[in-house]
Structure formats: structure tokens, C-alpha cells
Amino acid sequence: MTWLRHRVFPSDGFALAGLLAAVTACGLLSDVNASWFPATMTALPILVGGLVLRMPSLLLLYAATAGVLVAQHQVHDPDEVTAGTIVVVGAIAGIVLLMARMRTRLGVQWTRGESMLFDLRDRLRAQGEMPVLPPQWHTEVVLRPAGGQSFSGDFLVASRGAGGGRVLEVVLVDVSGKGLAAGTRALMLSGAFGGLLGSLPPHGFLPAANDYLLRQEWAEGFATAVHVVLDLESGEYELISAGHPPGVHWNAGSGRWHVLEAVGPLLGVIEDATFEGVKGRLGTGDALLLFTDGMVEMPGEDIATGIDRFLGEAERLVRDDFHDAARRIVAAAGRNVGDDRAVVLLRRR
């Protein structure tokens with residue numbers, strides 16, 4: 001019975017009936033006063049139909065619109081429907097059909113597809129928030145998608161363990177690609193990595209993440225990542241890298257930046273990969289900066305030059321006591337706006 005009901009009364013039947021009546025009304029109004037109601041008005045129901053109708057109903061609406069235009073031209077006034085009218089209505093119908101096919105592939109109507117994308121974007125941002133830390137610790141996270149888009153291939157996952165433990169784990173990931181394609185993969189990986197983080201020993205996270213990427217068998221499925229395990233009481237940390245740009249440690253005692261080069265392959269490239277960490281300690285006033293390659297890579301420029309430029313901008317932050325540090329360094333050093341950029345600051349006050 002459910003199948004029969006949908007056959008006889010489709011889910012968009014009332015909308016289709018209303019739009020068919022609107023197309024007919026447009027034709028009648030054009031006969032009354034063509035200057036106020038031109039024949040191109042028939043494109044308005046088509047625009048609405050592209051949002052609310054399914055593909056079979058939309059094609060039926062197109063047939064009805066064509067019938068109205070033919071009737072206006074042959075039965076009423078041949079001058080009402082010109083070649084320009086046909087071009088305008090046909091072009092709008094073609095664009096609406098293309099948009100409707102995209103919505104049909106997604107399986108949603110109206111603007112629910114856009115709403116789903118907004119929800120996915122917000123979820124990705126929410127997963128990248130830092131947990132609450134003791135007052136002596138300060139963190140900043142800035143993610144800038146390529147070209148000002150809403151989706152980024154860079155994302156962050158962080159965990160402090162159950163009950164606000166003393167160990168903070170932070171992972172900054174850069175998924176291959178950029179924009180929406182990388183953003184959808186980043187959303188999937190952020191959920192998986194968020195589940196792994198804190199559930200495994202520190203040295204087990206990147207191997208597990210590597211195995212997960214290999215199982216996806218994506219054509220462009222590699223990623224880089226940097227994993228920091230920080231003891232919030234002693235300040236001791238270990239930085240483990242998977243093909244990611246180095247981290248930099250500001251030592252307040254010596255007044256110098258130290259580049260932290262850890263060794264490890266890209267995620268999702270080779271099986272049974274091993275990752276070696278670099279250990280250190282954040283004393284009072286020290287800071288640790290993590291960043292993605294969009295901050296230090298420029299077309300035709302060596303990455304070492306980009307890192308030097310990054311450290312030069314970071315030096316200015318020290319004079320201002322790291323005020324608004326992550327945002328300022330992205331604005332100053334992240335000149336490659338065609339790539340996703342991310343900066344994470346961990347500082348012990």
C-alpha cells in the first residue's frame with residue numbers, strides 16, 4: 001500500500017500541482033498584459049521547481065512550460081514568444097536541471113544539502129577545540145582554509161584524558177589536497193583520529209592512524225601529522241611526526257627558537273611504518289608552535305626559506321608576550337593563501 005500511495009500521490013505532488021497552475025497563470029497573464037507579464041515569467045516556476053521537485057516531476061513541469069509557450073505563440077500572439085524568450089527560459093531550465101541532478105545524487109531537496117555542509121563544517125571546527133587546561137597553560141588555534149573557503153584539509157584533534165588528566169595530547173593533521181574535497185576527508189579522519197587519541201599509548205597513535213588510512217584505499221589518501229604528548233605538571237613533552245613540518249620551541253631562558261625535527265613517513269603510504277619522537281621540556285615562559293606546510297611553502301621557494309621567514313615573524317611575537325600569536329603569525333607569515341594554513345600555540349605562562 002505504501003508503494004501504491006507513492007505512485008499515485010508522489011511526495012511532491014502538491015508542489016507540482018501548484019507549479020503547473022503557476023505556469024498556466026503566467027501564460028494567461030501574459031495574454032492580458034505582455035508588458036507587465038512577459039512570457040519569460042514562466043521561468044519563475046521552473047526556478048522554484050528546481051528546489052522542491054524531484055527529477056520526474058521537474059521534467060513534467062518543463063513539458064508543461066513548453067506547452068504554454070507553444071500555445072502563446074501559435075494560438076494567441078506570435079510576437080509574445082520571441083527567440084530571446086526561448087533562449088532565456090531554456091538557459092534557466094538547463095541550469096536548474098543541473099542543480100536538481102546534483103541534489104538528486106545527494107538525495108535531498110530544497111536547501112538541505114547546503115545545511116548538511118554547514119553542519120559538517122561546524123562539526124569539524126568543534127572537534128578541533130582544545131580541552132580546558134590549567135591556568136598556567138595558554139593555547140591558541142587558527143585554521144585558514146585555502147582561498148577563503150569554508151572547508152580545510154587541516155584539522156586538529158586534542159585530548160586530555162578522562163577527568164581532566166595531567167597529560168595533554170594534540171595532533172595537527174594536514175590531509176592531501178585542499179578545499180571541499182580535502183575537507184570531507186578531513187571530517188572523516190578527524191572523527192576516526194579523535195576516537196584513537198587517548199585510547200592508545202602515545203607511540204601507538206600514529207601507527208594506528210597510518211593503518212586506518214591504508215584501509216581506506218583513497219586515490220589521494222595520504223596525510224601528514226604531528227603528535228605532541230605534553231605533561232601539564234612537569235612541562236615535559238614528546239613530539240612525534242609523520243612527514244609533517246617541524247615544530248619550533250621557544251626557550252625563554254636562552255631567548256632562542258629551537259627547531260624540532262622528528263622522523264616519520266607520511267600517513268597512508270607504507271605499511272608497518274615506524275615514527276620516532278623528539279623530547280623536550282616547556283619551562284616557565286616557553287612556547288611550542290606547530291604549523292602546516294601552507295605556512296612555510298611557497299611555489300618556487302625552498303621550504304627552509306619559508307621556515308626562516310616563519311621564525312622571523314615568530315620572533316616579533318616574543319616582544320608582545322605572544323599576544324594573539326597564532327592569528328598574527330598566520331596573517332604575517334602565511335602568504336600562500338592558495339593553500340590551507342594552520343598554527344597551534346602551546347605556552348607555559
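The figures here come from the full heavy-atom set of this structure, side chains too, leaving out hydrogens, waters and symmetry mates.
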Any link between Ile270 and Leu189 through a network of hydrophobic side chains (Ile, Leu, Val, Met, Phe, Trp, Tyr) touching at under 4.5 Å?
-> no
The reported gap from CG in Leu345 to CZ in Arg328 (rounded to nearest 0.5 angstrom) is 11.5 Å
Would you say the side-chain atoms of Arg349 and His138 include a donor-acceptor pair closer than 3.5 Å?
-> yes
Between atom CD1 of Ile46 and atom OG1 of Thr42, what is the distance when rounded to the nearest 0.5 Å?
-> 6.0 Å
Closest heavy-atom pair and its distance - Glu140, Ala325 = OE1-N, 3.0 Å
Same cluster or not: are Leu214 and Leu267 linked, directly or through other Ile, Leu, Val, Met, Phe, Trp or Tyr residues, by side-chain heavy atoms under 4.5 angstrom apart?
-> no
If you measure from CG on Leu239 to CG on Leu290, what distance do you get to the nearest 0.5 Å?
-> 6.5 Å
Following the transitive rule for hydrophobic clusters with a side-chain heavy-atom cut-off under 4.5 Å over Ile, Leu, Val, Met, Phe, Trp and Tyr, establish whether Val167 and Val344 coincide in one cluster.
-> no
Close side-chain approach of Val96 to Tyr62, heavy-atom, < 4.5 Å = yes
Taking the six-membered ring for Trp, is the centroid-to-centroid distance between Phe275 and His227 below 6.0 Å?
-> no
Find out whether Val228 and Glu238 are in side-chain contact, i.e. whether some heavy atom of one side chain is under 4.5 Å from a heavy atom of the other.
-> no
State which residues pass side-chain hydrogen bond (donor to acceptor under 3.5 Å, both in side chains) with Asp324; sequence neighbours excluded, sorted by chain then number.
-> Arg327
Indicate if Met130 and Val226 have the same hydrophobic cluster label, given that clusters are the connected sets of ILVMFWY residues with side-chain heavy-atom separations under 4.5 angstrom.
-> yes
Partner residues of Val248 under the side-chain contact (heavy atoms from CB on, under 4.5 Å) criterion, sequence neighbours left out | Trp257, Val259, Leu289, Phe291, Phe310, Leu311
Closest non-hydrogen contact found for Val132 with Arg160 is O-NH1, 2.7 Å
With the side chain counted from C-beta on, respond yes when His258 and Ser254 share a heavy-atom pair under 4.5 Å apart, and no when they do not.
-> yes
Are the side chain of Arg166 and the backbone N or O of Leu232 linked by a donor-acceptor pair below 3.5 Å?
-> no
Donor-acceptor under 3.5 Å (Asp340 side chain, Gly153 main chain) = yes
Donor-acceptor pair, Ser57 side chain versus Leu53 backbone, under 3.5 Å?
-> no
Are the side chains of Arg347 and Leu288 in touch, meaning some heavy atoms are under 4.5 Å apart?
-> no
Rounded to the nearest 0.5 angstrom, the CZ-CD1 distance for Arg341 and Ile329 is 12.5 Å
Is there a donor-acceptor pair closer than 3.5 Å between any side-chain N or O of Ser176 and the backbone N or O of Phe222?
-> yes
Go through the structure and list residues passing ring pair (Phe, Tyr, Trp, His ring centres under 6.0 Å) with His244, not counting sequence neighbours.
-> none
Should Val269 and Leu266 be marked as a side chain to side chain contact (heavy atoms under 4.5 Å, CB included) after you check the CA-CA gap, both sets of side-chain angles, and the distance that decides it?
-> CA-CA 6 Å; Val269 176; Leu266 299 170; 3.6 Å; yes
Please report the C-alpha distance between Asp231 and Ser234 in whole Å, then the side-chain angles of each, then the deciding distance to 0.1 Å, and finally whether the side chain to side chain contact (heavy atoms under 4.5 Å, CB included) criterion is met.
-> CA-CA 6 Å; Asp231 189 316; Ser234 67; 3.3 Å; yes
Closest heavy-atom pair, Gly49 versus Leu19, reported as atoms and distance to 0.1 Å, is CA-CD1, 3.5 Å
Side chains of Asn210 and Glu271: does their closest heavy-atom pair fall under 4.5 Å?
-> no
Taking the side chain as every heavy atom from C-beta outward, state whether Ile92 and Leu47 have any atom pair closer than 4.5 Å.
-> yes
Kindly indicate whether the side chain of Leu197, heavy atoms from C-beta on, has any atom under 4.5 Å from the side chain of Phe193.
-> no
Would you name the heavy atoms of Val173 and Ala225 that are closest together and state the gap between them?
-> CG2-CB, 4.1 Å
CG on Leu69 to CD1 on Ile86, rounded to 0.5 Å = 7.0 Å
Is Leu156 reachable from Val229 through a run of hydrophobic residues whose side-chain heavy atoms are each under 4.5 Å from the next?
-> no
Point-to-point distance, once rounded to the nearest 0.5 Å, from CG of Leu230 to CD of Glu236 | 10.0 Å
Between the main-chain N or O of Tyr212 and the side-chain N or O of Gln216, is there a donor-acceptor pair closer than 3.5 Å?
-> yes
Compare every heavy atom of Pro45 with every heavy atom of Ala22, then report the nearest pair and how far apart it is.
-> CB-CG, 4.0 Å
Is a side-chain N or O of Asp286 found less than 3.5 angstrom from the main chain of Asn251, in a donor-acceptor match?
-> no
Start with the C-alpha distance between Asp154 and Val175, add both sets of side-chain angles, then the distance that settles side chain to side chain contact (heavy atoms under 4.5 Å, CB included), and finish with yes or no.
-> CA-CA 6 Å; Asp154 298 346; Val175 178; over 6 Å; no
Would you say the side-chain atoms of Thr292 pair up with the backbone N or O of Ala342, donor to acceptor, closer than 3.5 Å?
-> yes
Closest approach of Glu261 to Val278 (non-hydrogen atoms, all atoms of both residues) | O-CG2, 3.3 Å
Test item: Arg348 side-chain N/O and Leu282 main-chain N/O as donor-acceptor pair under 3.5 Å | yes
May I ask you to test the Glu315-Trp250 pair for a side-chain heavy-atom distance under 4.5 Å?
-> yes
